[in-house]
Amino acid sequence: MLYSRYFIPTIKETPSDAEVISHQLMLRAGMIRKLASGIYNYLPLGLRSIRKFENIVREEMNKAGAIEMLMPSVQPAELWQESGRWAFYGKELLRFKDRKDAEFCMGPTHEEVITDMVRREIKSYRQMPLNFYQVQTKFRDEIRPRFGLMRGREFIMKDAYSFDVDSSAADLSYEKMYNAYMRIFERCGLNFRAVEADTGSIGGSSSHEFMVLADSGEDAIVSCDACRYAANIEKAESPLYSVVSDGTAEVLQKVSTPEMKTIADVAAFLNVAADNTVKTLVYASDSGELAMALLRGDHELNELKLKNYLGWDEILMASEEQILACTGSPVGFLGPIGLKQEIPVIADRVVQGMTNVVMGANEVDLHYINANRGRDFEVSGFVDIRTVEAGDACPRCDSGKLEMWRGIEVGHVFKLGTKYSKALNATYLDANGREQIIFMGCYGIGIGRTVAAAIEQNHDENGIIFPIPIAPFHCSVVAVNTKDAGVMAAAEEIYFCLEKLGVEVLFDDRDERPGVKFKDNDLIGIPLRIVVGSKGLAEGKVEVKIRSTGDILSLSLDEVANTVKQMIDTALAHAE
RNA sequence: CGGUGAGUAGCGCAGCCUGGUAGCGCACCUGCCUUGGGAGCAGGGGGUCGCUGGUUCGAUUCCAGUCUCACCGACCA
């Protein structure tokens, strides 16, 4: 490719509205341009990277036995009404009507469409297992699109759906996809973790997320430093502390704690450790149900765990009025003793072993000391509702400690069970001629997001440092001075050689000063740069600069093409 | 949706407080010069100052409304 005939509109200055580095660099490198909030043009260079990654995904999907197809992005409302998600999905589902007033939506995901196809076509257990995938444009009307391709409204996603005769067969399909995902992200040279995750609005029984580690990541994850346990913090189980009790229950006392509203204030004022206090929080569902959560004072609540335990659709901090009505006290002095209303009191498991604790007395400026469960208050259940912290013991092994990371979710695999097949009545006949419900799994990879995540993880002050498997070009040839006939001839020669060898090469033949070319080549992240200048040429040499390390090799004219070809092949072979 | 901030040339910004019809850097065009890390000189083109209304002789500037965008919170690949 001739740079002068290609289209790479780089920009020197960082656009002011780009916050994260991958967004800044993709704009500056001329890979993407914004058309509307969360909606982007993929410019030629960006598209090349995206296609590269798509093809890695395709290769691994095919290897894992998945079959490619393509579904429409416009979907009829009926299917969504049938699955029940027309009502449940909310405003993220972009809905519209056609000229006949029939309702449609832009597909945010394709469980309905694929399940509809399968229920029409699959009749027998002999036809399964099946796994269909597609690489397709999705639309989700995100409340707050941000970070460029990281969270767009329109985005390219690989989604796959598996269909099996029963749960254990479905587990096998799940495992195949899990392993394929591991290979995909390994091939791209990404530093990532597969973590246990909450299933969210997709539903189903269990799931793993694939998280590229990056400080700018929107998710927090933990992983054990000794065993393989890793989980999204939303899901991460807190360790069970052994019950510590000094046995003797002291006398319950109400003490004055003027203006002491936080655990830190109260603990300091009463001169007790924060871990001998109990924190009380009141939550409300969207339909107005209330629940009280008790945690050790220095612990944090995991709202998702509480929400899942309560089975609520939505969880909100209770309003001041709601709190006042059920406890009789404003926030700051809440506790489970002497409630005005009967509401569920959910205690974290750690609270079970605590004795003689400090907790709010449901009266302004008053706390209890020496409160004890059983004697002074009761709880409706002990449940893991706290957020794990770095340094917590691993819930799975004896010796490990949890480490905490930020991550970008680039892939997510779900065991769906029969959630969609049941709703859409996707059944088959088993060997006994009996009708059975199909078991499903679904598997997504954010294509653009992965490319963005790769940039997030591979860059320096000069720009992108693409891993070779997803680099838009493998190498570039830079002619230092295009007016120098000798330089141009040598550069062209190398360019043609490389093309002949099947190397993806960008020939920077622009009549620009060398500095401009070097800066652009660095910015767009080309892994190898061959520089042809008059100085080196006088000795029959050109130089090859490696973007990632900054190392410079001096090679003779005749060997450079083959050497570069070899370097690229070696790098790509490692990624297979 | 709530909170914060911003809309002035393709990009990054100044001007606005204290009204008088717009400027800087980069980019772009022409010419000269230059060619190993975003050079230099000279000339030039480009803006209904987000939109609507109000106040005023006069509004980019003051007022009101509105739209858009970005950032912080709950969702997600």
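Chain letters run A, B, ... following the sequence lines, proteins first, then strands; residues in each count from 1.
Ranking G37(B), U34(B), G36(B) by closeness to the Lys483(A) side chain, first place goes to U34(B). Comparing C71(B), C76(B), A39(B) by their closest approach to the side chain of Val516(A) singles out A39(B). Considering only side-chain atoms of Glu19(A), the nucleotide from C71(B), A77(B), C75(B) that sits closest is C71(B). Of the listed nucleotides (G38(B), C13(B), A77(B)), C13(B) has the atom at the smallest distance from the side chain of Ser16(A).
You'll find the ring centres of Phe473(A) and Tyr6(A) inside the 6.0 Å limit.
Scanning atom types as modelled, one donor and one acceptor separated by under 3.5 angstrom connect the side chain of Arg151(A) and the base of C76(B). A donor and an acceptor atom sit less than 3.5 Å apart, one in the side chain of Arg28(A) and one in the base of G38(B). In terms of polar N and O atoms assigned as donor or acceptor, the side chain of Lys545(A) never comes within less than 3.5 Å of the base of G36(B) in a complementary pairing. Side-chain to base pairing of Asn481(A) with G36(B): no donor and acceptor N or O lie closer than 3.5 Å to each other. Residue Arg510(A) places no side-chain atom within donor-acceptor reach of the base of G38(B), judged by atom type and a 3.5 Å distance cut-off alone. A donor-acceptor contact under 3.5 Å links the side chain of Asp520(A) to the base of G38(B).
Between Ser534(A) and the phosphate of G36(B), there is no side-chain N or O to OP1/OP2 separation shorter than 4.0 Å. Considering only side-chain N and O atoms, Arg146(A) lies under 4.0 angstrom from the phosphate OP1 or OP2 of G73(B).
With 3.5 Å as the limit, one finds a donor-acceptor pair spanning the side chains of Asp159(A) and Gln134(A). With no hydrogens or angles considered, no side-chain donor-acceptor pair links Asn131(A) and Tyr133(A) at under 3.5 Å. A donor and an acceptor atom, one from each side chain of Tyr89(A) and Arg95(A), are nowhere located under 3.5 Å apart. Side-chain contact, Ser476(A) with Asp508(A): no donor N or O sits under 3.5 Å from an acceptor N or O. For Tyr309(A) and Asp384(A), the side-chain atoms include no donor-acceptor pair closer than 3.5 Å.
Rounded to whole Å, the P atom of C69(B) lies 16 Å from the corresponding atom of G12(B). Nucleotides A64(B) and U4(B) are separated by 16 Å at their P atoms, to the nearest Å. If you take atom C1' in C51(B) and the same atom in C57(B), they sit 25 Å apart, rounded to whole Å. Distance noted for atom C1' between C72(B) and A77(B): 22 Å (whole Å). A6(B) and G44(B) are spaced 36 Å apart, taking the P atom of each and rounding to whole Å. Rounded to whole Å, the C1' atom of G46(B) lies 32 Å from the corresponding atom of G54(B). For the C1' atom pair drawn from A70(B) and G50(B), the interatomic distance equals 15 Å after rounding to whole Å. Here, U60(B) and A9(B) have their P atoms 14 Å apart, quoted to the whole Å.
Judged by ring centres under 5.5 Å apart and planes tilted less than 30 degrees, Phe518(A) fails to stack against the six-membered base ring of G38(B).
Summary of the strand contacts: Glu409(A) and Pro15(A) both lie near RNA chain B, and taking for each the nucleotide with the nearest heavy atom, the more 5' one is attributed to Pro15(A). Comparing Gly533(A) and Pro145(A) along RNA chain B, the residue whose closest nucleotide (by nearest heavy atom) sits nearer the 5' end is Gly533(A).
Whole-Å rounding puts the Tyr89(A) OH to A74(B) P distance at 18 Å. We find that CD of Glu543(A) is positioned 11 Å from P of G37(B), with the value rounded to whole Å. The distance between atom CD of Gln24(A) and atom C1' of C71(B), rounded to the nearest whole Å, is 13 Å. A straight line from CZ of Arg140(A) to P of C75(B) spans 14 Å, rounded to a whole angstrom. Rounding to whole angstrom units, CG of residue Leu316(A) and P of G73(B) are separated by 17 Å. Straight-line distance from the CD atom of Glu92(A) to the P atom of A74(B): 14 Å, rounded to whole Å. Between the CE atom of Met211(A) and the P atom of A77(B) there is a distance of 10 Å, rounded to whole Å. Rounded to an integer number of Å, the gap from CZ of Phe147(A) to C1' of C71(B) is 9 Å.
Remark: Lys235(A) does not engage Glu209(A) in a salt bridge, criterion side-chain N to carboxylate O under 4.0 Å.
Across all strands shown, A39(B) remains unpaired; no Watson-Crick or G-U wobble contact has both distances below 3.5 Å. Nucleotide G73(B): paired with C1(B) (Watson-Crick or G-U wobble, both distances less than 3.5 Å). Within the shown strands, nothing qualifies as a pairing partner of G47(B) under the Watson-Crick or G-U definition with both distances less than 3.5 Å. Base-pair partner of U56(B): not found among the strands shown (Watson-Crick or G-U wobble, both distances under 3.5 Å). Base pairing of C26(B): its partner is G10(B), meeting the Watson-Crick or G-U wobble criterion (both donor-acceptor distances under 3.5 Å). For U18(B), there is no paired base (Watson-Crick or G-U wobble, both distances below 3.5 Å).
Using a 4.0 Å heavy-atom cutoff across all strands shown, Asp159(A) reaches no nucleic acid atom at all.
Checked against Arg547(A) for a side chain to side chain donor-acceptor pair (under 3.5 Å), the options Asn462(A), Asn521(A), Asp460(A) give a single hit: Asp460(A).
Here Gln457(A) pairs with nothing under the side chain to side chain donor-acceptor pair (under 3.5 Å) rule; sequence neighbours left out.
Ring planes of Phe210(A) and Phe192(A): tilted class, angle from 30 to 60°.
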Original post:
Could you write nucleotides 23-30 of chain B as a row of B, S and -, 5' to 3', where a protein heavy atom under 4.0 Å of any base atom gives B, of only sugar-phosphate atoms gives S, and otherwise -?
Top reply: --BSS---
Enumerate, atom names and distances included, each donor-acceptor pair closer than 3.5 Å involving a side-chain atom of residues 482-492 of chain A, sequence neighbours excluded.
residue	atom	partner	partner atom	Å
Thr482(A)	OG1	Asp511(A)	OD1	3.3
Lys483(A)	NZ	Asp511(A)	OD2	3.0
Asp484(A)	OD1	Gly486(A)	N	3.0
Asp484(A)	OD1	Val487(A)	N	3.2

